[in-house]
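To find a chain, count down the sequence lines: A is the first, B the second, and so on, and within it residues start at 1.
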2 protein chains.
Amino acid sequence: MHTHARIMTMVMNMQTHYDFEQCQQLIDERLDLPFFRAVVDPVRSNLILFLASNGEMTIGEIAEQFPQNRSVISRHLDLLYRFDVVLRRKVGREVYYKANSKVVATKFAEAATNMEALLSLSE
Amino acid sequence: MHTHARIMTMVMNMQTHYDFEQCQQLIDERLDLPFFRAVVDPVRSNLILFLASNGEMTIGEIAEQFPQNRSVISRHLDLLYRFDVVLRRKVGREVYYKANSKVVATKFAEAATNMEALLSLSE
DNA sequence: AACATATGTGCATGTGTGTGCATGATTGCA
DNA sequence: TGCAATCATGCACACACATGCACATATGTT
């Protein structure tokens, strides 16, 4: 085994014992909980995919396709907007929403990478 | 551009308009919402990292390090166990828990891949 | 058997949030 | 200006769930 590879393995398996506070901070830095709590929801995840596949639509058009009330859809979309998950623009009295797929995909990819790194502490 | 590459691009960008029901089913198949709703929680995500870094511990030992009551920690761990996020074994009257890091990392990686594929419907 | 320790569980409480209705605000149109 | 359409928001209600206490259960010890 090469020296370089051995060192890399040591670094990767460096076993650290984090206490509660350290875990708190690491999770906070590497896992965007508010984002995931917004996305990992039956209605909102459905909305994201729906917008990603159907393109830009108004709140009214979207709400027609969902069992929830229009005001409920409006609030869900507003929440997703605050997390940059969807984009919106106002045209007259209508508000058009569309998925911000890149952000969602990136967030999931980042989380996967970070969790992989965080949990691979061996032991 | 090669014919093969052109076809791949077409497939990847094939634009499909899913209705509510189809989105519901696709999300259900490709995003394990119950799993993420279990993991994406301030206390439970902390527990996972804590166990991943500190190795196997009893409920009492774990609870000493957390602000929550021991019974609360017990219930959180039991929930994580039901999603295969942690492993446990009973030794005498003590219950030892440890992180099932592989499952967590795999789930996040799968979700990232699936979301990337689901949301890359162009448009 | 009697007691101590570790954990599970029933219960009450508080908090967050999803939901729909009613209403207000904004914009377009006649 | 008056009216209709679209959306935002205040409000009440329901429900899920996190929490801690008290107690039950299981196991070890004397």
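- Of all non-hydrogen atoms in B:L51 and B:Y97, the two that sit nearest each other are CD2-O, 3.7 Å.
- In this structure, the CG atom of B:L77 is 13 Å from the C1' atom of C:dG8, given to the nearest Å.
- For C:dG10, the base has a donor-acceptor partner in the side chain of B:R75 [N/O atoms by modelled type, under 3.5 angstrom].
- Here C:dT7 presents its P atom at 13 Å from CZ of B:R89, a figure rounded to the nearest Å.
- Mapping heavy-atom proximity under 4.0 Å, the span of DNA chain D touched by chain B runs 5' to 3' from D:dA18 to D:dG28.
- Rounding to whole angstrom units, CZ of residue B:F66 and C1' of C:dT7 are separated by 18 Å.
- Among the heavy atoms of the strands, none lies under 4.0 Å from A:R37.
- In this structure, CZ of A:R82 is placed 10 Å from P of C:dT17, rounded to the nearest angstrom.
- Across all strands, B:V95 comes closer than 4.0 Å only to sugar-phosphate atoms, never to a base (heavy-atom distances).
- Neither side chain, B:T106 nor B:E110, offers a donor N or O lying under 3.5 Å from an acceptor on the other.
- No hydrogens or angles considered: a donor-acceptor pair under 3.5 Å links the side chains of A:E29 and A:Q25.
- When all heavy atoms of A:L33 and B:S45 are compared, the closest pair comes out as CD1-OG, 4.0 Å.
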Test log, rule salt bridge (Lys or Arg N to Asp or Glu O under 4.0 Å), inputs A:E56 and A:R89: CA-CA 10 Å; A:E56 203 176 43; A:R89 64 191 179 96; 2.7 Å; yes
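- In this structure, CD of A:Q68 is placed 12 Å from P of C:dC21, rounded to the nearest angstrom.
- Using cut-offs of 30° and 60° on the angle between ring planes, the pair B:F36 and A:F36 is parallel.
- Comparing C:dG18, C:dC21, C:dG8 against the side chain of B:R70 picks out C:dG8 as the nearest.
- Listed nucleotides: C:dG8, C:dC21, C:dG28. Nearest to the side chain of A:S71: C:dC21.
- Per the geometry, CD1 belonging to B:I59 stands 5 Å off P belonging to C:dT7, to the nearest Å.
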